[in-house]
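All figures in this text were calculated on a predicted structure; none of them were measured in a lab. Within every chain, numbering begins at 1; the chains are lettered A, B, ... in the order of the sequence lines, protein sequences first and strands thereafter.
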Amino acid sequence: MAYVDENTRVVVQGITGHQGSFHTAEMIKFGTKVVAGVTPGKKGEKIHDVPIVNSMREAMDYEPNASMIAVPAPFVKDAAYEAIDAGVKLIYILTEKVPFHDTMEIFHQASLRSVTLLGPNGPGVTRPGYSKIGIMPNQIFRKGDVAVASRSGTLTYEIVDSITRAGYGESTVVGLGGDPVVGLTFVDVLKVFENDPDTKRIVLVGEIGGSNEEKAAEYIRDHVKKKVVAYITGRSAPPGKRMGHAGAIIEKGVGTAESKIKAFNSVGVKVADYPDDVPKYLG
Amino acid sequence: MAYVDENTRVVVQGITGHQGSFHTAEMIKFGTKVVAGVTPGKKGEKIHDVPIVNSMREAMDYEPNASMIAVPAPFVKDAAYEAIDAGVKLIYILTEKVPFHDTMEIFHQASLRSVTLLGPNGPGVTRPGYSKIGIMPNQIFRKGDVAVASRSGTLTYEIVDSITRAGYGESTVVGLGGDPVVGLTFVDVLKVFENDPDTKRIVLVGEIGGSNEEKAAEYIRDHVKKKVVAYITGRSAPPGKRMGHAGAIIEKGVGTAESKIKAFNSVGVKVADYPDDVPKYLG
Amino acid sequence: MNLYEYMGKNIFRSSGIPVPDGYVVEKLSELKPFEKPVAVKSQILLGGRGKSGGIKFARNADELKDFTGQLLGSKIRGLEVKKVLIEEMINIDHEFYLSIALSRPDRRPIIIASAQGGVEIESVPEDKIIKRLVDPILGYSDYLGREISQFLGLSKDISKDFMSILRNLYNVYVGEDCELVEINPLVITKEGKMIAADSKIVMDTDSMYRHRDINITDPEKTPLELEAQSKGYAFVELDGNIGVIANGAGLTMATLDALTLHKGRPRNFLDLGGTDSVDIVITAFDLVLKAKPSAILVNIFGGVTKCDTVASGIASAKEKFNIKQPIVVRLSGVHEEEGREILKKSGIDAYSQMMPAIEAVVNKAVTA
Amino acid sequence: MNLYEYMGKNIFRSSGIPVPDGYVVEKLSELKPFEKPVAVKSQILLGGRGKSGGIKFARNADELKDFTGQLLGSKIRGLEVKKVLIEEMINIDHEFYLSIALSRPDRRPIIIASAQGGVEIESVPEDKIIKRLVDPILGYSDYLGREISQFLGLSKDISKDFMSILRNLYNVYVGEDCELVEINPLVITKEGKMIAADSKIVMDTDSMYRHRDINITDPEKTPLELEAQSKGYAFVELDGNIGVIANGAGLTMATLDALTLHKGRPRNFLDLGGTDSVDIVITAFDLVLKAKPSAILVNIFGGVTKCDTVASGIASAKEKFNIKQPIVVRLSGVHEEEGREILKKSGIDAYSQMMPAIEAVVNKAVTA
């Protein structure tokens, strides 16, 4: 199971907020089973035909196994702990600008309890034909055998769109999130993709900052037999400047695009120059 | 494996203290593999031929998988966290009078990381013919098929001695510890004993306070096929008085000897009136 | 260790939990001028003070002086009132119950709350009580308070106050190493504020090394128990006539149980602990003798505690205190034979098993 | 967000980390009378202040006044000195390095220390540096400090001071939401005390909502970047001539990369974010126009951000600001066709793929 499937039952924390409400509707259109939403004080109401309850504990009556958190940044840690305590096994945090100390604690608390954390500040996970949790636009997907993992949002859609237009389709698309600390690394996702029978080819969309891509290259060398194609953004970014994402920053020579491209090339992974070029290397 | 076996490799934290040193020597006599001891600042020295190092991290060079903590109560939490962080999988805390808030945190931190906690304030675990960690006197044991779990120290020795004198022998003897929060419950130990091929009969030595024995009775009813005999101490204790152990206190009618004896009797577990009577019911 | 109400309230105040304005006096001269009606509350460690006349309400300066004078130095159910808390009257609109304690089976803190406060929580129906376990590693987080607040039916404004009180109470529970923190009643005033009208804090005795500023004499302990405590012994007085010295809390309890089943009546619980010192044995005898038993039983299973050390202690004590009562000794385990030899010289035949020793001392206590 | 040395030292002081006595002045009249030799340190967010003349040592009252006067208002490597820290001189016996930061691959705090302090840690050989990861759920515990103290070869007395400093530094790291806390040098004085002679604190910008007392203008940001920040845009000035507006940080970066690979030179990074507001697009144009680009590229992949909304924004901006520069637009995704229609009316033919748009804008920028 690549994060979500037909048995995924999602509760949305903050379902009546702008983001929560909009993306709940989109997820339902995509086929996701959204079984409940949490907004304290609104128990008994419904939104997009989804029952609203006051707490995660009450939401557990609807037997969810995943949660999407769409509450403002100051309340994310509390919401995540509530979800962990309630017992869901996948938590996706949509919210941007969560302090990284909060994310660090959420991540470790979650992983000690075998809870998978996705995000914060990423577009979620989408499996065409099964389910999606998050905010990726429904219309760009076609079911297929290409798995995509990305540190970006819109750029992911751009690349997924180009893959779809090129005649391929997607098995699973995962957005890791643009923060310095997020729940999943490329290595985590590669493990899942390598074992996923639906996946034949893998696309990694990396960016400057950190060493996520370098570690992925090592892992590919030792453990991945499937075809991997990469794209790295931020080649033209000046050092020390935060390029939108808190995680996309070159610090004292660490996290440069050159280093990442070199790492991928050295293990036989082709790195596309432009987003549109990615499909070329999939054949 | 019932907590320890011939592959158990013990490091003693606080090995040069009075308790640490004495019981290290006794454990070695019993056959335990004590591979290292920790006393900050004494690296390079030896005691009872056991090498001393400055930290648990250094001790890991000797490939221990268990730790005995024999440091004063104020330093127990730090020592336990050091052991958890270093990666041992069994921690026995010999120390008395550890604040229960510390124990509560240690227990949950340990169990999240699949580390077994034994104690605090108990005599440890002994498996005649294999190994022992803790302070039970060597000379009372004979290898056999009776497994004993107890909330007491000396009373355990009394009962083990009577079992041995009656011609039986012991497979495993576990002292849970006399505090309100300890690492193991009777239920935890019963699971291990029920699956232990060396064990044919089980003795539980309970005492007043808490509901450990009542939960054990329930578990025996549903899951234990082996013969179980019990002894409960504190029948004559007045309510509200702490009988030596911080855990041995009858609070507002909860934790009485009567309740525990009744629970055991109701699931067919014989409760001996006197420690010496325990062997009578083993046949 | 139980704290006095005023101590608990001081901790609450400095932890951000609202409490009524008030001050403590030990003598009349410390009273401040009367300004408005106040409660005069005797500071004793006892439930149901109100019913026993320990709390009075003063509506004027004379009453304040009179009531304080009456309470200070008086005895309530045997306990002397040494301090009195003078506290502003609060206008109670509603009383709640709120506490945090250890749930032993779960090894976790448990929060208990009810909208039926001001009475013993045991008397409140289960369905009017909410209980929430706290994962001590996740710690307290606001979702717990939100659930409880909803159960209690609090308004939005009061809910904010309540969430802050609960968060701070959890910090007290952890920071002060509490076995129990209880606010009963937790009050909504007619002015619409939430405030802790009482405080009950029980601290873990084992944690006192990190709370050295707090030191309270347990009123439930007898003078002899306090003496034993100060000397480091686990000692409990009972109402029989057989003095008991044993090693290990479990074995000592088992000894009392065996005596009782044999119609013997133990005078005390005394655990020697894991010792190897003659002096500790001698002092143990000193304590037991002060309880004036008819006979004394020593029950030792030697391990860390060596039988010969205990035997030497018994011999020395017998001579030093010129003990006339019968002494029955059971020695088993490490250095048992050496111990037996030592005792023989003092005219004591030690048993090697527990049950014959129990029978012997019960008989001797009856004859004595 | 970088804190000034004096702010970091204030945090250290109130967190129990010893720092030299000192005070901050903004003008000469705030100087206190000279008592003993002091360091006069300009408060600017710049490494290597000493080498650039930003730190002076005053041995008498005249020097104190002279140096303070010289530094206040002066510019050091382009940065104006608005505040000066007057600080007691310390007698340095030894300099250490100590910091706590985030280790991104481990998602854990990492403590880094060395007995070779006072220099850039990058210049110290690896075997003279100790690194210890902290499990954020176990938290900091003394065993970590003990290991580091032993590595640094500290004496028993100093080790105690060091353990306390490290414990408090970890509390600062967590409590103040730091990306980095660094003491370099951490000094043992000739009097045998350990003291933080400098402070470097970098706070997580995303956490500032819980540290509202701290507000610093990033000296590395240009005035236009600061304006964009205050309006809520992720905006970076670059040194080219093609203005860029795109949606999503990744797509914006990819747009810059593609421009660069096509020998285009981007003037800026501007991420519209996930928006559905015409005004946000108009303001984005305002910002980009202030950077005076030769041509403007808008690259939108529509999802949450709808193509027609962006198109309306472009059309309005073109009219409102009377934009003369060529505007190249790429629209793809949600409401693409509607967007294309809107733009057509403003005389703009929108591309549906990214690469042709890149090529077009590069050509136009060259001709412009």
Side-chain angles (χ1 to χ4, degrees), chain B residues 22-23 73-74 96-105 107-109 112 135-137 139-140 150-158 161 178-182 185 205 207-212 215 231-238 240-248 252 257 273-276, chain C residues 102 104-105 107-109 122 135-138 173-175 177-179 204-210 220 225 234-240 246-261 265-266 269-271 273-274 299-305 332-334 353-355 358:
Chain B
F22 177 79
H23 293 296
E96 291 177 31
K97 301 198 176 174
V98 178
F100 83 86
H101 279 271
D102 288 4
T103 307
M104 189 159 67
E105 291 183 28
F107 168 74
H108 288 279
Q109 294 279 16
L112 284 169
I135 64 171
M136 297 187 208
Q139 62 278 2
I140 59 175
S150 170
R151 286 172 60 189
S152 308
T154 320
L155 178 59
T156 315
Y157 318 154
E158 179 84 44
D161 191 52
D179 286 355
V181 179
V182 290
T185 64
V205 183
E207 64 186 30
I208 51 167
S211 56
N212 207 334
K215 302 219 174 266
Y231 174 79
I232 302 290
T233 183
R235 293 176 175 216
S236 59
K241 288 279 184 182
R242 192 165 283 193
M243 302 306 272
H245 285 164
K252 295 195 179 157
D273 279 341
Y274 304 100
D276 281 6
Chain C
L102 167 68
R104 280 178 63 165
R107 289 175 278 201
R108 292 178 187 219
E122 287 79 5
D135 178 328
I137 306 306
L138 288 178
Y173 173 75
V174 173
D177 282 296
C178 297
E179 291 180 4
D204 175 12
T205 319
D206 290 339
S207 79
M208 298 317 290
Y209 70 85
R210 47 192 180 203
E220 296 190 355
E225 285 174 348
F235 181 92
V236 178
E237 276 200 81
L238 303 164
D239 53 11
N247 67 324
L251 183 59
T252 312
M253 266 195 285
T255 306
L256 304 184
D257 290 350
L259 284 172
T260 307
L261 284 171
R265 295 185 302 112
F269 170 105
L270 188 153
D271 172 12
N299 185 14
I300 300 299
F301 194 94
V304 179
T305 306
S332 180
V334 174
Q353 296 310 320
M354 182 170 149
M355 296 318 298
I358 296 283

B:E158: partners by side-chain hydrogen bond (donor to acceptor under 3.5 Å, both in side chains), with sequence neighbours left out: C:R330
Relative to chain C, which segment of [X] carries a heavy atom at a distance below 4.5 Å: side chain, backbone, both, or neither?
| X | answer |
| --- | --- |
| B:V98 | backbone |
| B:F107 | side chain |
| B:K97 | both |
| B:P137 | side chain |
| B:I140 | side chain |
| B:Q139 | side chain |

Nearest heavy-atom neighbours spanning [X] and [Y]:
| X | Y | value |
| --- | --- | --- |
| C:P105 | B:S211 | CG-OG, 3.6 Å |
| B:D276 | C:M354 | OD2-N, 4.5 Å |
| C:L102 | B:P180 | CD2-CB, 4.1 Å |
| B:E207 | C:G250 | OE1-CA, 4.5 Å |
| B:Y231 | C:A254 | OH-CB, 3.3 Å |
| B:M104 | C:R107 | CG-O, 3.2 Å |

How long is the gap from [atom1] on [X] to [atom2] on [Y], to the nearest 0.5 Å?
| X | Y | atom1 | atom2 | result |
| --- | --- | --- | --- | --- |
| C:S207 | B:F100 | OG | CZ | 8.5 Å |
| C:L138 | B:L112 | CG | CG | 8.5 Å |
| B:T233 | C:L251 | OG1 | CG | 8.5 Å |
| C:L256 | B:M243 | CG | CE | 5.0 Å |
| C:M253 | B:I208 | CE | CD1 | 5.0 Å |

Residues which pass salt bridge (Lys or Arg N to Asp or Glu O under 4.0 Å) with C:R265, listed by chain and number, not counting sequence neighbours: none
So, does [X] use its side chain to make a donor-acceptor pair with the main chain of [Y] at under 3.5 Å?
| X | Y | value |
| --- | --- | --- |
| B:H101 | C:Y173 | yes |
| C:R104 | B:G247 | yes |
| B:T154 | C:F301 | no |
| C:D257 | B:G234 | yes |

Segment of [X] engaging chain B (4.5 angstrom heavy-atom cut-off):
| X | value |
| --- | --- |
| C:L238 | side chain |
| C:D271 | neither |
| C:P266 | neither |
| C:T252 | neither |
| C:T255 | neither |

Note: C:R210-B:D102 ion pair, threshold 4.0 Å (strictly below): yes
Electrostatic pair B:R242:C:E179 at N-O distance under 4.0 angstrom: yes
Other residues, nucleotides, ligands: >12 heavy atoms within 6.0 Å of C:Q353 CD: yes
Quick check for you: among [options], which has the greatest number of heavy-atom pairs under 4.5 Å with chain B?
| options | answer |
| --- | --- |
| C:G303, C:A258, C:A246, C:P136 | C:P136 |
| C:S332, C:G333, C:G273, C:C178 | C:C178 |
| C:V304, C:D206, C:V174, C:T205 | C:D206 |

Residue pair B:K241, C:E237: steps toward the side chain to side chain contact (heavy atoms under 4.5 Å, CB included) verdict: CA-CA 10 Å; B:K241 288 279 184 182; C:E237 276 200 81; over 6 Å; no
Interface residue of largest heavy-atom contact number with chain C, from B:S236, B:A237, B:G209, under 4.5 Å: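 Winner by heavy-atom pair count: B:S236.
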Verdict with supporting geometry, B:R235 and C:L261, side chain to side chain contact (heavy atoms under 4.5 Å, CB included): CA-CA 9 Å; B:R235 293 176 175 216; C:L261 284 171; 3.8 Å; yes
